[in-house]
Amino acid sequence: MVEEQRETGKAGSLVFAVNGQRLEVSSRLDPSTTLLEFLRTRTSLKSVKLGCGEGGCGACIVLLSKYDPVLDQVEDFTISSCLTLLCSVNGCSVTTSEGLGNSKDGFHPIHQRFSGFHASQCGFCTPGMCVSLFGALVKAEKNDQREPSPGFSKLTVVEAEKAISGNLCRCTGYRPIADACKSFAADVDIEDLGLNSFWKKEESHEAKMSRLPLYDHNHEICTFPEFLKREIKSSLLLDSERYSWYKPATVEELQSLLKSIDADCKTRKKLVVGNTGMGYYKELEHHDRYIDLGGVLELSSIRRDEEGIEIGAAVTISKTIEALKEENNSEFNSECKIVFKRIALHMEKIASEFVRNTGSVGGNLVMAQRKHFPSDIATILLAAGAFVHILAGTLHEKLTLDEFLERPPLDSNSVLLNIKIPNYAASKNISSEMDRKLLFETYRAAPRPLGNALPYLNAAFLSEVSCLKSSGSAVLNKCRVVFGAYGTKHAIRAREVEKLLSGKILTIGVLYEAVKLVKATVVPEDGTPSPAYRSSLAAGYLFDFLYPLIDINSKISGVWSDEYSNTSLFKDAKIKRKYSQLDHVQLPTLLSSSEQVLELNNNHHPVGQPTTKVGSALQASGEAVFVDDIPSPTNCLHGAFIHSMKPYARVKDIKFKSKLLPDGVSGLISVRDIPKGGENRGCTTMFGTESLFADELTQYAGERLAFVVADTQKHADIASSLVEVDYDIENLEPPILTVEEAIKRSSLLEVPLLLYPKQVGDISKGLAEADHKILSAKIKLGSQYHFYMETQTALALPDENNCMVVYSSTQCPEYAHVTIAKCLGIPEHNVRVITRRVGGGFGGKAMKAIPVATACALAAHKFRRPVRTYLNRKTDMIMAGGRHPMEITYNVGFKSNGKVTALQLDILINAGISLDISPMMPKNILSGLKKYDWGALSFDIKVCKTNHSSKTAMRGPGEVQGSYIAETVIEHVASTLSIDVDSVRNINFHRYDSLKLFYDVASGDSVEYTLTSIWNKLAESSSFKQRVEIIKEFNRCKVWKKRGISRVPVVHPVLVRPTPGKVSILSDGSVVVEVGGIELGQGLWTKVKQMAAFALSSIKCDGVENLLDKVRVIQADTLSLTQGGMTAGSTTSESSCESVRLCCEVLVERLAPLKETLQGQMGSVTWDALICKAYVGSLNLSASSHYIPDFTSMHYLNYGAAVSEVEVNLLTGETTILRSDIIYDCGQSLNPAVDLGQIEGAFVQGIGFFMLEEYTTNSDGLVVADSTWTYKIPTIDTIPKQFNVEIHNSGHHQKRVLSSKASGEPPLLLAASVHCAARAAIRDARRQLHSWGCMDESYSTFNLEVPATMPKVKELCGLDNVERYLGWKMGIK
């Protein structure tokens, strides 16, 4: 029970504040309850979202404030509430996004700027983003920097961007979020900020400043209320017995507590500090007592003396970073301070700030020692020679860190007390012959530069280097060489390498031997992904550290200049030259600049204006209601799926492991619970159906077997993991897990003849005309997970007369409606499906949301109680299906100038077990592929039925693969002919006649074919040709960095589908609109609202210019508006707009005679007066329509082009996107701000597909990339550093909806430009290998896989390129 009380509560109760309000939890509480769980289930606050439950996404961030009564100071920091245990916030204050501001009290400038900079699309991640930024603002205000200009904070631009570096967003592409954050920075150039609703680009600096919502740091909200300070001063201790939560204050108390608990052998205990380890290990084991180590003085202190710095094991990583960075560490010499700073800088790349703020250094080391966690801290502290202090019962032990890591795992009674980092200094000069300096460097290779990703390998090197003045040679007196996280139990010292190097004069030969020895030493354990890559990284990092020291020409005195930042290790010019080869200058890790170019269309005001997204401020404050935000009705149950672990087996039994039902469980729902007259139906598509549950036979790993129902979501999730499934595979054929096996066993899904694309031209003739042929080339494309921020969710409410109301986060309410009715065996009029908004969909909330809603409805039907579910991220990822993997074999014929004469393809699509949308894939693939004139085009596309989860729609399904296949063929032709790939693209561009041949009616009129003009314009605006030459020179000069650039076009057909609409005018003149389309974050409601205001304004009476504020678009309701169809294919916004326009035409026609009459009587008439009279006269002010596009306007083509430039690090395989320029044809944009967001967001999602995201499965087809730890979508540090987008205003197309065109999916295909640019950089890297004599003439022909992850890029650049280089330098072949 939560009580908001006066300042005197029950003694020992859990007391804290949330948004300034006092909360007291006086009843017993499960100590495993998290702050997130409490806020979402026991308060009315909903801004704190569950995105992953792992501390990996930032959706759940809150600001936690702690008060120190001794110092009378408040400490504020962001935390991940999904990991923070509720009892740990006793006496603290919590601030959520609602607490910053809201619709009642007024929005905070953060909310207003996020809205105004168009930085919120679906809105699910936005509250967490806002709190992250607020935390950075609060932190910055405590700095001693000078006062900023009015309206700004003390934040710098870099700090503002880094504030949200740990937050994930799948919609926006991050650029507008970065702008919203940077708008608070003291050093921002306001002219650099992107498109927003506050000012126009041409306005003066002063005008822009005056329009920006004012931020006044002197009047910021109070994060810690006075009443709580008073209570803390009068003592605020928690009743340990009541809450099973113990917080000892001294080591002696801790010893006593551990001893007393040990006396009761049945008591299970857990030692915690920040509980962040739960994000990785997700322990479900119940603990009777929790011991909070954060209160133990010895464990939470930092001490300094002449021997070094001692960090208590419970000290957070963030506080450790601060301590190591402190300038006033007077006890230590400059070399030691630099070692500390390097450790701190490395620690800043561990997890995210909101995890580092609560995660402890000791906890990280204990996980590394006890559970073999791939720790960065263990590696860097091992290199620094750290010691640890352990308490085992009454025994105190002091060990070196290597001894600690190598001993057996700590038992539950042993406690790590502190870590000591020694005060390092180089030995004193023994003779004038030598100068000595201490060198320390750390490394990590990870998919994200700023952290929030586990490393493939980390390394740290500490060396004392002497310079022989007579010869200028470097001698390594002693060194520590440490590697970790590469697929071994713990970080290791490479002692043989240390032995080899110590005392040696460093030469290329010595380094060559050391590198070879490192590779022999760093050998990942069996089963570690990319083992050779990890070994290669180790060699590369040692080379990077030591190579600049070879023959340093007696200028060692320059070592560590500028605090040995990577930009200048040595003052010596010779060393600088060598480091320029290594190119140690670090590129900025975040977005540096952007430009948006658009032309506003004022012909249909307010249509065409960049108005802010409907509800964006509500989304920012967290007040926007998603399905899981709807308060649970009384007696509500919660469900969780039990899925198969086998790809093909009989299911003999499903039961709980213990005889007793787990806590809170009401029962299991399975196929046996489908009512009489109902069907085992979980999904209905236009091509068929899919079962809700497996019936006797499971046909893929991840298939739904049952649905466990419990009193809370937590209990349901735990119960689902406590189920045993008895499988039997006797006498069953082996599962089909590859497309090759599917072909062998003729396991194919049928594609309706109408959907199968037509061949183009005569393939035999085309091949005969060719001067050259490439035969049987192969491409393999994997899957991609949607990673919507809101996982699948639904709430089902039984209603009177055997009816069912279901709230579902779905793109297809109509299909869910039909499926639920069929499953329950009731008429469709007894079912009502309601969808207000969806927290991201991208196709994943189309068919895959339906079984989730149906399972809830079935459970609600059985128990006659409300049932809801919110899938945990792991289950969602296992069940999502994802994008279609495929294998492609092609033959291509072409002329010597690169003109293709014929392309022949064999494509095998892995569709999984059922149809879903797979029959559409052949047509979609060809739609994207036909963007070039292939002369003749022939293909054989087979849709293979396999024992995998059914693959489903994902943004650009088929089109993205088809477009990529086209680029791969073009690149292959160019490399075969050794000619410029851009010229091959140019020569294969469509003319209008070939476009019409390939695309038929969709090609439209010749004036609509804008691709050629876009292509040429982009070359000029991006300085493409000049940059090509600059890159050639860069690659000629640089050894270990190579750049590439690529220009890629897109031609993307879309289909406009029929869509219903309804517009009603209420008595006060306000307008309510319903449409078939669902708001997914794509701005559908915003465009619809603009269209309604425009169409109704044609009545031309006073006040219509303000109609936009009077229009409200409401949630989809399948009984209120039928035939809603699906929101997919990029065109639902425009079709919804057109259906609304038709409704408004009817209403204007009805109102026109009355308006004429009133005008005759009164001279002028206002909108409100007109509507008032219409009501008095009983005029029908509600109109419905069903827009059905005619055949000539149903299909059309979208055009765009992109140029991307990348830089590849040849030592690590890391690809940095330096710049991307996009021009995209939106026709006459209905809302340029919305379309710009769609373009940028789609492009960045495409970067994920082409460069980062590996949706991997095990040998049984079960998804193993099932968390934020293993699946990496783009973050703000992986998007283009310079990101320029122009919306091409292509004139008036009468067959379009107000001449507009789609923007949701086509820009995703342009991200292939990044992949192609990476391929260009790799080609130059391979050319260099060829020049070293390491590769034959075929170096330019290679296959860069998708996604082009760091291991794949590095492999193509040479896993042994360091040895090859050193061998070349020594003359070894």
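- The side-chain heavy atoms of Thr952 and His786, taken from C-beta on, include a pair separated by under 4.5 Å.
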Check against side-chain contact (heavy atoms from CB on, under 4.5 Å), Leu1309 and Val960: CA-CA 5 Å; Leu1309 283 56; Val960 65; 4.0 Å; yes
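- Judged purely by atom type and a 3.5 angstrom limit, Lys899 uses its side chain to pair as donor or acceptor with the backbone of Asp933.
- To the nearest 0.5 Å, the span separating CD1 on Ile779 from CG on Leu781 amounts to 6.5 Å.
- If you check the side chains of Asp876 and Tyr785, you find a donor sitting under 3.5 Å from an acceptor.
- A donor-acceptor contact shorter than 3.5 Å links the side chain of Tyr174 to the backbone of Pro1274.
- Contact record, Glu971 with Arg1323: OE1-NH2, 3.4 Å, taken as the closest heavy-atom pair.
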For a quick test of your reading: what N or O donor-acceptor pairs under 3.5 Å do the side chains of residues 1338-1349 make, sequence neighbours left out?
residue : atom : partner : partner atom : Å
Ser1338 : OG   : Asp1336 : OD1          : 2.4
Tyr1339 : OH   : Arg1327 : NE           : 3.4

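- Listed for the Arg1057 side chain is a donor-acceptor partner under 3.5 Å among the backbone atoms of Met1126.
- Panel note: side chain Asn988, backbone Val900; a donor-acceptor pair is recorded below 3.5 Å.
- Put simply, the residue from Asp982, Asp1221, Asp980 that forms a salt bridge (Lys or Arg N to Asp or Glu O under 4.0 Å) with Arg1047 is Asp982.
- Using modelled atom types, one finds a donor on one side chain and an acceptor on the other under 3.5 Å when comparing Ser938 with Gln759.
- Applying the ring-ring contact (aromatic ring centres under 6.0 Å, His included) criterion to Phe894, with sequence neighbours excluded, gives His772.
- Using a distance-only test at 3.5 Å, with no hydrogens or angles considered, no donor-acceptor pair links the side chain of Glu959 to the main chain of Gly928.
- Residue Gly173 comes nearest to Ile1279 through the heavy atom pair O-CD1, 3.5 Å, listed as atom of the first residue, atom of the second, then distance.
- Remark: Ile941 CD1 to Ile909 CD1 distance equals 6.0 Å, nearest 0.5 Å.
- Remark: Glu1254 engages Lys1352 in a salt bridge, criterion side-chain N to carboxylate O under 4.0 Å.
- Heavy atoms from other residues, nucleotides or ligands lying under 6.0 Å from NZ of Lys1025 number 12 at most.
- Looking at heavy atoms from C-beta onward, Arg175 lies in side-chain contact with Gln596 at the 4.5 angstrom threshold.
- For the pair Arg1219 (side chain) and Asn1284 (backbone), a donor-acceptor distance under 3.5 Å is absent.
- At a threshold of 4.5 Å between non-hydrogen side-chain atoms, the residues His1052 and Ser963 do not count as touching.
- Nearest heavy atom pair, residue Phe1243 against residue Ala1202, reads CE1-CB, 4.3 Å.
- Proximity of Phe1283 to Ile1222: side-chain heavy atoms (C-beta onward) are separated by under 4.5 Å at one or more points.
- Taking the ring axis of Phe1249 as reference, the NZ or CZ atom of Arg883 stays within 45° of it and closer than 6.0 Å to the ring centre.
- Between the side chains of Tyr890 and His972, a donor-acceptor pair is found at a separation under 3.5 Å.
- In this structure, Tyr999 and His990 have perpendicular ring planes: the angle between them is above 60°, well past the 30° mark.
- With Lys930 contributing its side chain and Phe998 its backbone, the two residues share a donor-acceptor pair below 3.5 Å.
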Full working for side-chain contact (heavy atoms from CB on, under 4.5 Å) between Thr901 and Lys895: CA-CA 7 Å; Thr901 57; Lys895 297 286 191 180; 4.0 Å; yes
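- Counting only heavy atoms from C-beta outward, the side chains of Ile1322 and Lys1042 never approach each other to under 4.5 Å.
- At distances below 3.5 Å, not a single donor-acceptor pair connects side-chain atoms of Lys773 with backbone N or O atoms of Asn891.
- At a threshold of 4.0 Å, the pair Arg985-Glu967 counts as salt-bridged, since one of the basic side-chain nitrogens sits closer than that to a carboxylate oxygen.
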CA sep, side-chain torsions, deciding dist, call: Asp1225, Lys1301, side-chain contact (heavy atoms from CB on, under 4.5 Å): CA-CA 8 Å; Asp1225 182 357; Lys1301 299 181 83 171; 3.8 Å; yes
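- For the pair Glu1305 (side chain) and Gly956 (backbone), a donor-acceptor distance under 3.5 Å is present.
- Residues Phe787 and Phe842 place their aromatic rings such that the two centres sit no closer than 6.0 Å.
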Pair Tyr1271-Tyr1255, ring-ring contact (aromatic ring centres under 6.0 Å, His included): steps then yes or no: CA-CA 7 Å; Tyr1271 192 85; Tyr1255 198 26; 5.8 Å; yes
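- Across all their heavy atoms, Ala532 and Leu1359 have their closest contact at CB-CD1, 3.8 Å.
- Taking the six-membered ring for Trp and thresholds of 30 and 60 degrees, Phe939 and Tyr756 have ring planes inclined between 30 and 60 degrees apart.
- A donor-acceptor contact shorter than 3.5 Å is absent between the side chain of Glu1205 and the backbone of Arg1027.
- In summary, the side chains of Lys1281 and Thr1216 do not present any donor paired with an acceptor at a separation below 3.5 Å, with no hydrogens or angles considered.
- Around atom CD of Glu1355, no more than 12 heavy atoms belonging to other residues, nucleotides or ligands sit under 6.0 Å away.
- With a 4.5 Å cut-off on side-chain heavy atoms, Glu1253 and Ile1247 do not count as touching.
- Counting heavy atoms from C-beta on, the side chains of Leu1018 and Phe1024 never come closer than 4.5 Å.
- Of the listed residues (Val739, Thr946, Asn947, Ile736), just one forms a side-chain contact (heavy atoms from CB on, under 4.5 Å) with Ser747, and that residue is Ile736.
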Audit row: Ile925, Met886, side-chain contact (heavy atoms from CB on, under 4.5 Å) steps and yes/no: CA-CA 11 Å; Ile925 292 169; Met886 59 188 68; 3.7 Å; yes
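- A salt bridge is defined here as a Lys NZ or Arg NE, NH1 or NH2 lying under 4.0 Å from an Asp or Glu carboxylate O, and Glu1207 with Arg1043 meets this definition.
- Look at Lys778 and Glu740 and you find no salt bridge, because none of the NZ, NE, NH1 or NH2 atoms lies under 4.0 Å from a carboxylate O.
- Leu929 contributes atom CG, which lies 11.5 Å from atom CD of Gln961 (distance to the nearest 0.5 angstrom).
- There is a side-chain donor-acceptor pair under 3.5 Å between Ser1313 and Ser1204.
- In this structure the side chain of Tyr456 never reaches within 4.5 angstrom of the side chain of Thr1212, judged on heavy atoms.
- Across all non-hydrogen atoms, the minimal contact from Ser896 to Leu977 is O-CD1, 3.7 Å.
- Judged by distance alone, the side chains of Asn1209 and Glu1214 never bring a donor and an acceptor atom under 3.5 Å apart.
- When all heavy atoms of Ser1021 and Ile1223 are compared, the pair lying nearest together is OG-CD1, 4.0 Å.
- Applying the ring-ring contact (aromatic ring centres under 6.0 Å, His included) definition to pairs two or more places apart or across chains, those involving residues 896-938 are Tyr932-Trp934.
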